[in-house]
Chemist: 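Input: one structure, supplied below.
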Amino acid sequence: SAVISQKPSRDICQRGTSLTIQCQVDSQVTMMFWYRQQPGQSLTLIATANQGSEATYESGFVIDKFPISRPNLTFSTLTVSNMSPEDSSIYLCSARDGMSGDEQFFGPGTRLTVL
Amino acid sequence: GQNIDQPTEMTATEGAIVQINCTYQTSGFNGLFWYQQHAGEAPTFLSYNVLDGLEEKGRFSSFLSRSKGYSYLLLKELQMKDSASYLCATGGGNKLTFGTGTQQKVEL
């Protein structure tokens, strides 16, 4: 199984600023994803991070607000741009390694608070 | 589109058997997943059903009926550490779509 780490684990940011969250997987994985989990809610998929090409965004999420990079098979970043209090949430990185079938592993999450 | 329904909250006593239901309407179905999430932690994988029937894994079992769009997670010999949110998710293509989760409370 893949082990996923995220940085930072939490942050408090000012309105209008941007934060980049890093996701590192301990092995090469085929698929990486970014989810958002708002307080008391379930997980909502933001986008699929594609290695070497632009991310695939879900309805309601756009690249200008959530730019994503995936330079290789073990690393991805998510930027939350021009933040507002509504962006306060937990952001989770997830990966699927192909060797474990369809199982997806999750990182510990980044708890973001926007003031 | 995807539509997944689970009860919001359930309560049971230690040692009990609990069944958490999940109904779904989805296109491109590629399996039904159950995850456990303790407060403040990331979801952890519990089970995956792609064919109809019951999959047993220790104290946890998961059932799927594709024709009915229905699944359940069965928790046996309930323990205090089982207090958590249980998330039903459908797989479609390469991604997961999650239900709202069921908060399972365990009482002494």
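Naming convention: chains lettered A, B, ... in sequence-line order (proteins, then strands); numbering from 1 in each chain.
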Chemist: So for A/Leu45, is it side chain, backbone, both, or neither that comes closer than 4.5 Å to the heavy atoms of chain B?
Modeler: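 Only the side chain of A/Leu45 comes within 4.5 Å of chain B.
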Chemist: For chain B, find which of A/Gln37, A/Gln41, A/Arg111 contributes the most heavy-atom pairs closer than 4.5 angstrom.
Modeler: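 Ranked by heavy-atom pairs under 4.5 Å with chain B, first place is A/Gln37.
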Chemist: Check for a donor-acceptor pair, side chain of B/Gln36 on one end and backbone N or O of B/Leu46 on the other, with a separation under 3.5 Å.
Modeler: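 It does not hold such a pair.
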Chemist: With under 30° as parallel and over 60° as perpendicular, where do the rings of A/Phe106 and B/Tyr35 fit, or are they tilted in between?
Modeler: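 Answer is perpendicular, since the angle exceeds 60°.
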Chemist: So what's closer than 4.5 Å to chain A heavy atoms on B/Gln37: side chain, backbone, both or neither?
Modeler: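 Side chain only.
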Chemist: Sort B/Leu87 into side chain, backbone, both or neither according to what part of it lies under 4.5 angstrom from a heavy atom of chain A.
Modeler: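 Just its side chain gets close to chain A.
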Chemist: Would you indicate whether the side-chain heavy atoms of B/Leu96 and B/Phe33 approach each other to under 4.5 Å?
Modeler: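 Heavy-atom side-chain distance check passes, below 4.5 Å.
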Chemist: Say whether A/Asn50 and A/Thr56, considering side chains only, have a donor N or O and an acceptor N or O under 3.5 Å apart.
Modeler: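 There is such a pair between these side chains.
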